[in-house]
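Atoms within each ligand, like the ligands themselves, are counted from 1 in listed order. What you are looking at is a predicted structure, and each value in this text was computed from that prediction instead of being measured.
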Amino acid sequence: MIDLHTHHERCGHATGSLRDYVTAALDKGVKVLGLSDHTPWFAEDEDHAKPRVAMPKSEFPAYIAEALALKEEFAHSIEILVSTEADFFSGRMDPYSRALSGYPLDYVIGSVHMFEGRDIFDTGRWESVRDDELGAVKSRYFRAVAECARSGLFHVLGHVDALKGNYPKLAGAPAPAAADEMLRAIRDAGAVMEINTSGGTKMCGGWYPDFDVLERAHHFGVPITFASDAHVPERVCDQFPEVAKVLEEIGFRGWTVFRRGVARTVPLS
Ligand SMILES: [Zn+2]
Ligand SMILES: [Zn+2]
């Protein structure tokens, strides 16, 4: 089992220390664990622009140092990858590239959390959206993820249809052309798409992305990786066997993992 997307207490909305996630992974027999807490909001002036969303900028070096120390300590029993999940803000990513360039990261996840000025999980954003507009909104979100991929800053694109998280109605909205555009953008950027099982912690349930997008991803040859997006240690590798089975049925054969930015493929299960 592998899991390339986990958080911990530094972000302010997850529980458990980095060591707790490593321990949970060891207990479950996980072979490759990515530590990928939210990046600080590097484009803001304040040190701690978003308490309860992300750690202060000044805390980031300690996060990386602790992750690297765990990687070494447990090198004989589990491969720990050191990473971070960055928010994508169109046109404002230079501070992120600068801030992240100095660290020996194995990979970086790029995720669109803020979309058209609001958090994607903010239920208030749907109050003025009509049902017949949902396909268009979803298409715009997919295009934002495509732009995130094209930025070339990321190895993994995070939860690519998570806009549905707290608005399940969006899941059924059609946006096939934009989905295909996004998938080609991910592939052409040399990046991979994660299958993220944290939908169960939101109103929509299920996984990001949904089955239709997974099938399209296989058609376009988009590589994939596994992401629990655990914010509690017990969720490490949550639903891994179920995901591997579905992906095998679709035709996928392996997961992509990264060492210092270099991709390699490991068997699906
Ligand atoms: Zn989080
Ligand atoms: Zn995320």
Thinking salt bridges, do R184 and D180 make one under a 4.0 Å N-O criterion?
-> no
May I ask you to check whether Y21 and H8 place their ring centres under 6.0 Å from each other?
-> no
Got an N, O or S from C11 under 2.8 Å of the Zn ion (ligand 1)?
-> no
The Zn ion (ligand 2) is nearest to which N, O or S atom of E85?
-> OE2
Quick check: does H7 have an N/O/S atom under 2.8 Å of the Zn ion (ligand 1)?
-> no
Could you check whether the rings of Y167 and W126 sit parallel, tilted or perpendicular, using 30° and 60° as the cut-offs?
-> parallel
Would you call E147 and R143 a salt bridge, using N to O less than 4.0 angstrom?
-> no
L68 and Y103: CA distance, side-chain angles, deciding distance, side-chain contact (heavy atoms from CB on, under 4.5 Å) verdict | CA-CA 10 Å; L68 288 169; Y103 297 99; over 6 Å; no
Among the N, O or S atoms of H159, the one nearest the Zn ion (ligand 2) | NE2
Can you give me the NE2-the Zn ion (ligand 1)-NE2 angle for H231 and H38, to 10°?
-> 130°
Name, closest N/O/S atom of H113 to the Zn ion (ligand 2) = NE2
